[in-house]
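Data block below; observations after.
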2 protein chains.
Amino acid sequence: MSVRARMQRFEQALRERGLKSTAQRDDIARVFFAAREHVSVEELYGAVRRVSPRVGYATVYRTLRLLKECGLAAERHFDDGQARYEAVEEQEHPHDHIICERCGKIVEFASEELERLQERIARFLGFVVSRHRMELYGVCADCREGRRGSRREHGVHQV
Amino acid sequence: MSVRARMQRFEQALRERGLKSTAQRDDIARVFFAAREHVSVEELYGAVRRVSPRVGYATVYRTLRLLKECGLAAERHFDDGQARYEAVEEQEHPHDHIICERCGKIVEFASEELERLQERIARFLGFVVSRHRMELYGVCADCREGRRGSRREHGVHQV
DNA sequence: GTCAGTGCAAAAGATTTGCATGCGA
DNA sequence: TCGCATGCAAATCTTTTGCACTGAC
């Protein structure tokens, strides 16, 4: 989905909630949607300040919370401790992450087989699953072969 | 493994590193090993204070870091944001967690089928996996059926 | 004109660190 | 005795909140 389309969804969400559209909110949302996936608050704040230097940290946090509540952003906690955010696709299929421990690249993937297995395991343990999270950590092909590689890797890979 | 056996491993690890055995370290380690799994620092601090009221927060953190470095404790970050620690079994098989969103019970499980699937997915994406983490969130049988149930559920379930 | 939104600073919560003192080896 | 370990308080770091001012509607 384009940044423009996402912005329209954001503006619509604001209207639906009777919230105001402001220059700051727009700047933060636009930078967020245009950013590489999985930004930390710090990274987002830095990028926003380059566009609009008077924006405060608190507004970035507040707008990120707003985007989360509108279903336009998702918060992720990876093992390094710091929270990261990613833009959510419309009707997005839940997906998982595989992370290169050398270059930091994060690749998204979805596996129906994995989901079925999770259901099965949960049922065996007496649980009904509502959500899950899985992360694989390792080394990507680019790093193993000494290539530079792109840290950007778009979209969810169906595996 | 018993608390006693774990304490012996701890004392040995201290000696190997040329570190001192102190009353505080022993108290914290003993309470940690005896505690239910997945304690937060706050919970551990509270429990240690009941045994030894003069211990400081900093010492709990420092000892927990030490236990981690000795391979006797593992740090886990679940989705609620706060870090939790669990005692590590000797030659422990990596395992995953399923968490009841109603009563907070955490059940550990290990699945070879899951591991094989993870390997397969990673290979497909060009990665070599070194570790992983998976959490399932849902509602346990006890909660669904209005039973009280035990929050303790020992050991890793092979599924 | 109203009142939600913003920036700033202060607060809050989690964790780490500096330092004088204590205590294990 | 010597130096690591401790307790305390202060410093960090991340995130939230209070408040007076601003600006969207």
Side-chain angles (χ1 to χ4, degrees), chain A residues 7 10-32 38-70 73-85, chain B residues 7 10-32 38-70 73-85:
Chain A
M7 287 303 290
F10 180 50
E11 298 298 337
Q12 185 191 330
L14 291 177
R15 265 178 270 120
E16 280 168 4
R17 275 150 233 256
L19 299 174
K20 292 175 183 170
S21 170
T22 69
Q24 291 91 327
R25 278 179 178 165
D26 287 359
D27 288 340
I28 295 166
R30 196 175 306 106
V31 170
F32 174 66
H38 307 107
V39 283
S40 66
V41 177
E42 194 183 5
E43 287 164 355
L44 182 59
Y45 175 72
V48 168
R49 294 281 285 208
R50 257 167 263 135
V51 172
S52 179
R54 306 193 40 81
V55 170
Y57 235 121
T59 304
V60 174
Y61 273 104
R62 286 188 276 233
T63 304
L64 230 22
R65 187 201 296 161
L66 183 58
L67 286 163
K68 239 190 316 180
E69 286 165 5
C70 299
E75 192 176 332
R76 306 270 181 188
H77 295 260
F78 296 114
D79 260 355
D80 61 3
Q82 67 185 318
R84 293 183 166 274
Y85 293 81
Chain B
M7 286 303 291
F10 181 49
E11 298 299 338
Q12 185 191 330
L14 291 178
R15 264 178 271 121
E16 279 169 5
R17 275 149 234 258
L19 299 174
K20 291 175 182 169
S21 170
T22 68
Q24 290 92 328
R25 277 178 179 166
D26 288 358
D27 287 340
I28 295 166
R30 195 172 308 106
V31 170
F32 173 66
H38 308 106
V39 283
S40 66
V41 178
E42 196 183 2
E43 287 164 354
L44 182 59
Y45 175 72
V48 169
R49 294 281 285 207
R50 257 168 263 135
V51 171
S52 178
R54 304 194 40 83
V55 170
Y57 235 121
T59 303
V60 174
Y61 273 104
R62 287 190 275 232
T63 304
L64 230 21
R65 187 200 295 160
L66 183 57
L67 286 163
K68 239 192 315 182
E69 286 165 6
C70 299
E75 192 176 331
R76 306 269 180 190
H77 295 261
F78 296 113
D79 261 355
D80 62 4
Q82 66 185 316
R84 293 183 166 274
Y85 294 81

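In what follows, chains are A, B, ... by sequence order, proteins preceding strands, each numbered from 1. All values below were derived from every heavy atom in this structure, side-chain atoms included, with hydrogens, water molecules and symmetry-related copies excluded.
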From Glu16(A) atom CD to Cys70(A) atom SG, the distance as rounded to the nearest 0.5 Å = 8.5 Å
Heavy atoms of other groups near Glu11(A) CD, more than 12 under 6.0 Å | yes
Counting only side-chain N and O atoms of Tyr61(B), is one of them less than 4.0 Å from OP1 or OP2 of dT16(C)?
-> no
Looking only at dG7(C), dT6(C), dT16(C), the nucleotide nearest the Val55(A) side chain is dG7(C)
Atom-pair distance (CZ on Arg54(A); C1' on dT6(C)), nearest Å | 10 Å
Side chain proximity check, Phe32(B) to Leu67(B), heavy atoms < 4.5 angstrom = yes
Going from CG on Leu44(A) to CD on Glu42(A), what distance comes out if it is rounded to the nearest 0.5 angstrom?
-> 11.0 Å
DNA chain C: Glu42(B) or Thr63(A), which has the more 5' nearest nucleotide?
-> Thr63(A)
Gap between atoms CG and P, on Leu64(B) and dT16(C) respectively (whole Å) = 9 Å
Going by atom types alone, do Tyr61(A) and Arg65(A) pair a side-chain donor with an acceptor below 3.5 Å?
-> no
For Glu43(A) and dC13(D), give me the distance from atom CD to atom P, rounded to whole Å.
-> 16 Å
Minimum side-chain heavy-atom gap Arg25(A)-Leu19(A) below 4.5 Å | yes
Look at the side-chain N and O atoms of Thr59(A) and state whether any lies under 4.0 Å from the OP1 or OP2 oxygen of dT6(C).
-> no
Residue Gln24(B), side-chain heavy atoms: nucleotide from dA14(C), dT15(D), dT6(D) that is nearest | dT6(D)
Distance in angstrom units between Asp27(A) CG and dG7(C) C1', rounded | 15 Å
Report, as a single string ordered 5' to 3', how protein heavy atoms within less than 4.0 Å touch nucleotides 18-25 of chain C: B base, S sugar-phosphate only, - not at all.
-> B-----BS
Euclidean distance, His38(A) NE2 relative to Arg76(A) CZ, rounded to 0.5 Å | 6.0 Å
Indicate, with a heavy-atom threshold strictly under 4.0 Å, whether Arg65(B) touches base, sugar-phosphate, or nothing.
-> sugar-phosphate
Hey, does the side chain of Arg25(A) come within less than 4.0 Å of dT6(C)'s phosphate (OP1/OP2), counting only N and O?
-> yes
